[in-house]
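Take a look at the structure below.
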Amino acid sequence: MGNQTETPGLDLGARPLTGSTAVDITSGIDLAEISDGDLERLKRLASQWCVVVLRNQKQPPSQLSGLGARIGTVSYTPGLIQNTDWPNVYKLVNYGKKRAITEKWHTDGAFSERPAAYSVLMADTLPLAGGDTIFVNQYAAYDALSPAFRKLLQGLHAEHVWKGVAHLRDGEPDPMAIHPLVRTHPLTGRRALYINVLSAMGNIVGMDEAESRALLTFLHDHSIAIDRTYRHRWLPGDVLLWDNRCSLHAAAHDFGDEERIMYRIVTEGERPYDEPYGDA
Ligand code: SIN
């Protein structure tokens, strides 16, 4: 029988949930009372495994900002309707499948100069079945590229733009930023592919539209390999912490008009960078 309690070398009784992506915390940590040391351990696990799963949490959503402020700087997402009065805590509700913007593979806030580092998502009201959130590991996507392809990506940057959200906040231009296609994670030192849902990406700097689409489409399709995913089936009391710098995620909208309410915060990361290549 497999080890159901603790995996040697992993803090907080973390247990891998797939071969490369996501760990489950088995030590019964309560986020509402977590120490600074354990919070740092959780962040490190999220940066190593992309996603951390915490069960049976009692943390009220009204206190998510406080938790977020201990993780980093809680940031707002342009264009997303907040639906709460708590600082930068977003209540995500079911606006119907046509408006389910989170159903495509994405990383939070890529159109910002300093995109999201961590996201925290808490289940409030769940459909009878479905509404899973799926993650994919972008370290592993980078590692799976051939050395020749990795070399091709060296130094390439792409435009990230969230088109058409300006109407949600009067007068704001579409948020836009330019980031490297490969980024080095500041905590783990590992390289990860950094792309977003293709509709929120413009051209690769120095390439025309056809060239950019071809390369970005390849990177997108390459990224979402099934053996690098983790699919989270939500239960009441679940909280997920993930690191957007090394993962993509998508929420399956397979629950029709049923209610699904989640609370989310994101913390601001650093400006993405790729360290100089000694090797490839
Ligand atoms: C998100 O994309 O940030 C939310 C995902 C979800 O609702 O499961």
Side-chain angles (χ1 to χ4, degrees), residues 17 21-22 24 46 50-55 57 59 61 64-65 67-68 71-84 86 88-112 114-138 160 162 165 168 175 194-201 220 223-224 229-269:
L17 289 167
T21 311
D24 199 5
C50 303
V51 190
V52 169
V53 177
L54 296 129
R55 307 276 190 187
Q57 296 299 309
Q59 171 97 9
L64 264 183
S65 293
L67 178 71
I71 294 174
T73 302
V74 185
S75 53
Y76 96 99
T77 306
L80 201 61
I81 303 167
Q82 192 174 323
N83 282 327
T84 80
W86 307 311
N88 291 324
V89 177
Y90 289 82
K91 178 178 173 184
L92 309 181
V93 300
N94 183 5
Y95 291 115
K97 191 162 178 79
K98 282 203 181 121
R99 292 176 66 193
I101 54 172
T102 56
E103 200 175 24
K104 299 252 163 47
W105 291 102
H106 64 283
T107 174
D108 291 335
F111 39 78
S112 309
R114 297 165 62 94
Y118 299 100
S119 297
V120 179
L121 188 66
M122 171 184 290
D124 179 89
T125 306
L126 295 169
L128 208 55
D132 297 354
T133 309
I134 311 155
F135 294 85
V136 68
N137 182 323
Q138 291 295 72
H160 292 258
W162 196 5
V165 296
L168 294 172
Y194 193 61
I195 58 163
N196 200 12
V197 52
L198 296 186
S199 60
M201 294 195 77
H220 174 271
S223 292
I224 57 175
T229 58
Y230 165 67
R231 183 170 184 130
H232 187 72
R233 185 169 192 195
W234 290 93
L235 292 172
D238 284 358
V239 174
L240 298 189
L241 167 72
W242 69 83
D243 191 328
N244 289 285
R245 298 168 291 189
C246 54
S247 62
L248 298 173
H249 61 280
H253 196 294
D254 54 354
F255 48 91
D257 294 330
E258 273 187 76
E259 205 165 36
R260 179 181 186 266
I261 299 176
M262 315 293 277
Y263 288 95
R264 192 192 84 164
I265 51 157
V266 300
T267 67
E268 188 178 87

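When a ligand or atom number is given, it counts from 1 through the structure's own listing order.
When each atom of ligand 1 is checked for a heavy atom of Thr102 under 4.0 Å away, the hits are 1 (C), 2 (O). Of all atoms in ligand 1, numbered sequentially from 1 with element shown, those under 4.0 Å from a heavy atom of Asp108 are 3 (O). Every atom of ligand 1 with a heavy atom of Arg260 under 4.0 Å away is listed here by number and element: 6 (C), 7 (O), 8 (O). Close approach of ligand 1 to His106 (heavy-atom distance below 4.0 Å) involves ligand atoms 1 (C), 2 (O). Near His249, the atoms of ligand 1 lying under 4.0 angstrom from a non-hydrogen atom of the residue are 1 (C), 2 (O), 3 (O). In summary, the atoms of ligand 1 found under 4.0 Å from a heavy atom of Ala251, numbered by their order in the structure, are 5 (C), 6 (C), 7 (O), 8 (O). Residue Leu92 has at least one heavy-atom neighbour below 4.0 Å for each of these atoms of ligand 1: 4 (C).
The single protein non-hydrogen atom nearest to atom 3 (O) of ligand 1 is Arg264 NH1, 3.0 Å, given as residue, atom name and distance.
For CZ of Arg55, the number of neighbouring non-hydrogen atoms (other residues, nucleotides, ligands) closer than 6.0 Å is greater than 12.
With values rounded to the nearest 0.5 angstrom, Gln59 atom CD is found 10.5 Å from Leu54 atom CG. A distance of 9.5 Å separates CH2 in Trp162 from OG in Ser112, rounded to the nearest 0.5 Å.
The option with the heavy atom closest to atom 8 (O) of ligand 1, from among Val266, Thr133, Leu248, Thr107, is Thr133.
Ligand 1 has no N or O atom lying under 3.5 Å from any N or O atom of Trp242, backbone or side chain.
With ring centers used as reference points, Tyr194 lies under 6.0 Å from His160.
The only option from Val136, Asp108, Ile134 that meets the side chain to side chain contact (heavy atoms under 4.5 Å, CB included) definition with His249 turns out to be Asp108. The only member of Val93, Leu92, Ile261 that meets side chain to side chain contact (heavy atoms under 4.5 Å, CB included) when paired with Asp124 is Ile261.
Counted by atom type alone, Arg114 and Ser75 present zero donor-acceptor pairs between their side chains at under 3.5 Å.
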